[in-house]
Amino acid sequence: MSVSNWGDLEQRFGAGVKLARRPVAVAFLDCVPTNVVRFTGMEPSGCSFWRLAADGRVFYTVPENHFNCAVGAYTHNIALSPEREKETEQTLTMMFDLGYVKPEEVPQIPRLPKAPVAIVYAPLGESPVAPDVVLFACKPSAAMLLNEAAVQAGVGSGMPALGRPTCMALPAALQHGSILSLGCMGNRVYTGLGEDEMYFVLRGKDLAAVADALGVITSANTALNEYAQGRRSQLATI
């Protein structure tokens, strides 16, 4: 699919649901892209790049750009340098001591099957390559519609909403289908995700099918809203 196709899909999703920010396309590559600008600078986490892409930037990162977040490096199967491995141990120890996560939970966290050579981030409508996953930051009402559309399209994972770490939603979606994520504290700080927002994560190959289903779902929910409003006015006594 071409950039124009991604742009059309972004417009279709935006017409179907109210989105807090632009959907973010993420592609995990086996080689460095030649037509994309390499990220320069520093960010505290891999999910920080979601914020930049949602704001309109198109770029790619390499593994060392992800070294500042031990948890994100783990979910992306990125091997840290020896000195950064010590930071991973310190971070995990802190989380264990706080009771935030249990040691036995770590092996259960979804990971990419292999480390990417480069990762491309872009607003969906401007993605220079086919995205592996697309992230929608939205209010629960919009996530409800997107999730219903994914189920209608037959690409829903059927998994319960995920929590921390937020970045595990990407490999989870690749492995199982669409994912709802409640986010985590680090992600909310690094991306600016609002207290009233969450994520819906979709495989890139499922975008068109879900966009088609979304039209049916939004129309059905409009009718159901009118039906429920009428029943409430007729039957509610308090």
Side-chain angles (χ1 to χ4, degrees), residues 9-26 45-51 53-55 71-72 75 100-101 109-110 123-125 131 133-204 206-233 236:
L9 282 169
E10 181 174 335
Q11 289 180 2
R12 291 175 65 188
F13 278 106
V17 295
K18 295 179 180 179
L19 298 175
R21 59 194 79 186
R22 296 183 70 180
V24 172
V26 183
S45 68
C47 62
S48 298
F49 300 122
W50 307 356
R51 182 190 76 250
D55 286 342
V71 175
T75 62
Y100 183 68
V101 65
I109 295 175
L124 173 58
V133 292
V134 177
L135 300 146
F136 296 83
C138 52
K139 294 184 182 298
S141 57
M144 176 194 73
L145 295 174
L146 291 169
N147 184 64
E148 290 179 359
V151 173
Q152 176 87 352
V155 299
S157 68
M159 297 177 64
L162 300 183
R164 80 290 187 267
T166 309
C167 52
M168 72 176 175
L170 278 66
L174 286 173
Q175 295 169 25
H176 304 290
S178 65
I179 293 289
L180 290 168
S181 172
L182 301 176
C184 64
M185 186 54 66
N187 175 270
R188 290 182 180 278
V189 172
Y190 298 143
T191 66
L193 188 73
E195 292 183 356
D196 58 344
E197 296 174 315
M198 60 185 295
Y199 291 105
F200 175 78
V201 186
L202 188 65
R203 291 180 297 210
D206 298 331
L207 282 167
V210 175
D212 290 341
L214 187 61
V216 176
I217 290 298
T218 53
S219 295
N221 273 274
T222 297
L224 287 169
N225 179 281
E226 295 177 358
Y227 173 75
Q229 292 284 0
R231 284 180 57 80
R232 177 178 175 176
S233 63

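Residue numbers run from 1 in the order of the sequence given. Keep in mind it's a predicted model, so treat the numbers as computed, not measured. Because only heavy atoms are used, hydrogens play no part in the values below, and waters and symmetry mates are left out as well, while side chains stay in.
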*Between Trp50 and Asn187, is any pair of side-chain heavy atoms under 4.5 Å apart?*
yes
_Nearest atoms (heavy-atom pairs only) where Ala142 meets Cys138_ = CB-CB, 3.7 Å
*Just grab all the salt bridge (Lys or Arg N to Asp or Glu O under 4.0 Å) pairs involving residues 166-180, residues at least two apart or on different chains.*
none
*Can you see which heavy atom on Pro123 is nearest to which on Ala53, and at what distance?*
CG-O, 3.1 Å
What side-chain donor-acceptor pairs closer than 3.5 Å can you find for residues 146-158, not counting sequence neighbours?
unit_1	atom_1	unit_2	atom_2	d
Glu148	OE1	Asn221	ND2	3.0
Ser157	OG	Met159	N	3.1
Ser157	OG	Ser178	O	2.7

*At what distance, to the nearest 0.5 angstrom, does CZ of Arg51 lie from CG of Leu193?*
12.5 Å
*Where do Gln175 and Pro110 come nearest, in terms of heavy atoms and distance?*
NE2-CB, 4.3 Å
*Can you check whether Tyr190 reaches Thr166 side chain to side chain, under 4.5 Å on heavy atoms?*
no
*Under the salt bridge (Lys or Arg N to Asp or Glu O under 4.0 Å) rule, what pairs show up with a residue in residues 215-233, not counting sequence neighbours?*
none
_Quick test of your reading: applying side-chain hydrogen bond (donor to acceptor under 3.5 Å, both in side chains), list the pairs with at least one residue in residues 206-215, sequence neighbours left out, ordered by first then second residue._
Arg12-Asp212, Arg203-Asp206
*Contact summary for Gly16 and Leu214, nearest pair of heavy atoms*: CA-CD2, 4.0 Å
*Approximate separation, where rounding is to 0.5 Å, of Leu135 CG and Arg21 CZ*: 10.5 Å
*Which distance, rounded to the nearest 0.5 Å, do you find between the CG of Leu162 and the SG of Cys184?*
11.5 Å
*To the nearest 0.5 angstrom, please state how far the CG atom of Leu145 sits from the CZ atom of Phe200.*
10.5 Å
*Among side-chain atoms of Ser219 and Thr222, is any donor-acceptor pair under 3.5 angstrom?*
no
_Quick check: do Lys18 and Lys139 have side-chain heavy atoms less than 4.5 Å from each other?_
no
_Spatial distance of atom CZ (Phe136) from atom CG (Leu124) [nearest 0.5 Å]_ = 6.0 Å
*Looking at residues at least two apart in the chain, or sitting in another chain, which of them share a ring-ring contact (aromatic ring centres under 6.0 Å, His included) with Phe49?*
Phe39, Phe59, His66, Tyr121
*Is there any salt bridge (Lys or Arg N to Asp or Glu O under 4.0 Å) pair reaching into residues 165-179, and which pairs are they, with sequence neighbours excluded?*
none
*asked:* Is there a side-chain contact between Leu207 and Phe13 in this structure, where contact means two heavy atoms from C-beta onward sitting under 4.5 Å apart?
replied: yes
*Would you give the length of the straight line joining atom CG of Asn225 to atom OG1 of Thr218, rounded to the nearest 0.5 angstrom?*
12.5 Å
*Do you know the tightest heavy-atom contact between Val71 and Pro165?*
CG1-CB, 3.5 Å
*Which atom pair, heavy atoms only, marks the closest approach of Met198 to Pro140?*
SD-CA, 3.9 Å
_Arg188 (side chain) donor-acceptor with Glu197 (main chain) under 3.5 angstrom_ = yes
